[in-house]
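Everything below concerns the one structure shown next.
Note that this is a predicted model, so its numbers are computed, not measured. Each chain gets a letter, A, B and so on, in the order its sequence line appears, and its residues count up from 1.
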Amino acid sequence: MLDIKVIREKLDWAKKKLATRGIKPETLDELVEIDQKRRDAMVKSEQLKAKRNEVSKQIAEAKRNKQDASDAISAMREVGAEIKKLDGEIKELADKQNYILLRLPNFPDDSDPIGPDDSYNEEVRKWSEPTKFAFKPKAHWDLGTDLDILDWDRAAKVSAARFVYYKGAGALLERAVFNFFLDENMKAGYTEVLPPYLVNDASMQGTGQFPKFHEDVYTIVDNDDPDKPLDLTLIPTAEVPLVNYFRNEIIHGEKLPINVTALSPAFRSEAGSAGRDTRGLIRMHEFRKVEMVKICKEDESWKELDNLTHQAESLLQKLNLPYHVVALSTGDASFTSAKTYDLEVWMPAQDKYREISSCSNCTDFQARRAQIRYRDENGKLHLAHTLNGSGLAVGRTVAAILENYQNEDGTVTVPDALVPYMHGMTKITKEDSLI
RNA sequence: GGAGAGUUGGCAGAGUGGUAAUGCACCGGACUCGAAAUCCGGCGAACCCAGUUAUCCUGGGCGCGCAGGUUCAAAUCCUGUACUCUCCUCCA
């Protein structure tokens, strides 16, 4: 959530900033107008309340002295009614203000490329070169099916489209990848956490998924009354439970920065992406992801964004997967982010780079929604800054390994870094199906 | 699933309708060569608004898990709700 004071005091600047994210300037005009009305009403209400408090003291005094106070009481009855009316107006205005405020995205950083969509993203660096093959590389979904390590048909039967079974060496590979990621993140100073996978609405609002992105997630309903949603939603990312861990808390400044990492499934309805990436591991309703979250002081988040991005990059480097880093344009970056670097891994069969991690500095945007604060060495309170990044998306990593490490005979070489995690297996070959 | 108890500053803890005690902690001062102890004073519930203004200050409002209600007035009474603890029941 943005700071209404900033919008109020730097209205033209705010309009310009948010215009690059598709927000109409009139929306902000409406917002400050509501804010002005609300504050005007507050001044009136507070003056009356001051009067009421004063007279109430006199009434109490009179009662103690067993004197009659019926005149004062009846006068206050009117004041009370007026206060009630004003407070009703204030609440209405505050609700309106919040409705708008909760739907405004974070201010983009000055360094963000300006543009409405991903075609304005800018490559900031590239690591290694796209893998070359002397033969036509197979898509990972064909490799997976041919090796009998991925089963889409059974998953569609048992669940639905966009679900998958990993089997045998495939299941082992997935497990190797996330264990490798967790170990590497731990070595880099991140504390491992196993969070809950169902969270309440306040948490979803705290990290910015709600109210805007309701249709992208799966919410649990009461079985006895399916029209009634329970206050529980399947997490679309571990970012939600990791950041909300600190919701409504004041953190000791010495504890910052806090670095946490978690493996979790991520559940996404993928509403609106019908027809896109219908095959393969790229776009699933359920996938595993290792997430990294940082909570830091307000003047340290830009340095921490670099640390976070480099940690995610180091994972790809250790797996020897070619990738590049892209700075997202103002129109493509996520709702909560001031700046986002996407890591895109090379996918040979598609002949292009695909997102495998998204590292964002959310500045104080989530902290203001979730009221995450810290106390500095002088005892003063500040909103913390929050950052999140994938480290990394597990299914997409498996897809990238299958495609980049495939051999002409249809087998897949195991990346050196994963061999210990694969119990010494160096190559995935088709075997007689065990199930 | 059933019954009961609870939720008040950083911590402990009083307050059953008249506007949040007290203790510990913290800050300042005195005493002391210095420290501890002691004494004196202060701060502190979190934020919002106004005036003034970048951080200060002054005034006001709000504030006792959360949301409503009753009342001139609510930590206190009423309703709903979340969470914690105890017991019963069930269960991996």
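A salt bridge between Arg38(A) and Asp35(A) is present, with a side-chain N of the basic residue lying under 4.0 Å from a carboxylate O of the acidic one.
Pairing of U58(B), defined by two Watson-Crick or G-U wobble distances under 3.5 Å, is identified with A50(B). Under the Watson-Crick or G-U wobble criterion, with both distances below 3.5 Å, C26(B) is paired with G42(B). Pairing for A3(B) goes to U86(B), judged as Watson-Crick or G-U wobble with the two contacts each under 3.5 Å. Nucleotide U79(B) is matched to A67(B) when pairs are restricted to Watson-Crick or G-U wobble geometry with both distances under 3.5 angstrom. Of all nucleotides present, none satisfies the Watson-Crick or G-U wobble test against C33(B) with each distance under 3.5 Å. In a base pair of the Watson-Crick type (N1 to N3 plus N6-O4 or O6-N4) or a G-U wobble (N1-O2 and O6-N3), with each distance short of 3.5 Å, G18(B) is matched with C72(B). Here C91(B) sits opposite no nucleotide as a Watson-Crick or G-U wobble pair (both hydrogen-bonding atom distances under 3.5 Å).
Atom CZ of Arg373(A) is separated from atom P of A45(B) by 12 Å (rounded to the nearest Å). In this structure, Glu61(A) places its CD atom 21 Å from P of C72(B), rounding to the nearest Å. The distance from atom CD1 of Ile73(A) to atom P of A73(B) is 10 Å, rounded to the nearest whole Å. Asn248(A) places its CG atom 18 Å from the P atom of A82(B), with the value rounded to the nearest Å. Per the geometry, CZ belonging to Arg39(A) stands 19 Å off P belonging to C62(B), to the nearest Å. Note: CG (Asn244(A)) to P (C83(B)) measures 16 Å, nearest angstrom. Separating the CG atom of Asp299(A) from the P atom of U55(B) is a distance of 19 Å, rounded to the nearest angstrom.
Among the heavy atoms of the strands, none lies under 4.0 Å from Arg368(A). The residue Lys91(A) sits close only to the backbone: its heavy atoms come under 4.0 Å of sugar-phosphate atoms, none of a base. Across all strands shown, Leu381(A) has heavy atoms under 4.0 Å from sugar-phosphate atoms exclusively, and none from any base.
Checked against G60(B), C49(B), G68(B), the side chain of Ala50(A) finds its nearest nucleotide in G60(B). Closest to the side chain of Arg52(A), from the set C62(B), G60(B), A50(B), is C62(B). For Ser56(A), whose side chain is taken as the heavy atoms from C-beta onward, the closest listed nucleotide among C49(B), G18(B), C62(B) is G18(B). Here C48(B) is the nucleotide among G61(B), C48(B), G18(B) with the atom lying nearest to any side-chain atom of Lys5(A). Of the candidate nucleotides G61(B), C47(B), C49(B), G61(B) has the atom nearest to the side chain of Lys49(A). In this structure, of U70(B), C47(B), G18(B), it is G18(B) that holds the atom nearest to the side chain of Ala60(A). Among C62(B), A50(B), U70(B), the nucleotide with an atom closest to any side-chain atom of Lys84(A) is U70(B). For Arg375(A), the side-chain atoms get nearest to G10(B) when compared with the rest of C72(B), C62(B), G10(B).
Here the separation of G29(B) from C83(B), taken at their P atoms, is 48 Å to the nearest Å.
Of the two residues contacting RNA chain B, namely Ser74(A) and Met42(A), the nearest-nucleotide position lying further toward the 5' end is that of Met42(A). Ranked by how close their nearest RNA chain B nucleotide is to the 5' end, Val55(A) and Asp35(A) are led by Val55(A).
At least one side-chain heavy atom of Ile83(A) sits under 4.5 Å from a side-chain heavy atom of Arg52(A).
A donor-acceptor distance shorter than 3.5 angstrom exists from the side chain of Asp231(A) to the backbone of Asp201(A), with no hydrogens or angles considered. A donor-acceptor pair is defined here as one N or O able to donate and one able to accept, closer than 3.5 Å; such a pair exists between the side chain of Asn200(A) and the backbone of Ser203(A).
When each of Cys362(A), Cys296(A), Pro257(A) is tested with His385(A) by the rule side chain to side chain contact (heavy atoms under 4.5 Å, CB included), just one qualifies, namely Cys296(A). When each of Asp12(A), Asp110(A), Asp112(A) is tested with Lys17(A) by the rule salt bridge (Lys or Arg N to Asp or Glu O under 4.0 Å), just one qualifies, namely Asp110(A).
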Verdict with supporting geometry, Thr145(A) and Trp152(A), side-chain contact (heavy atoms from CB on, under 4.5 Å): CA-CA 8 Å; Thr145(A) 305; Trp152(A) 311 92; 3.6 Å; yes
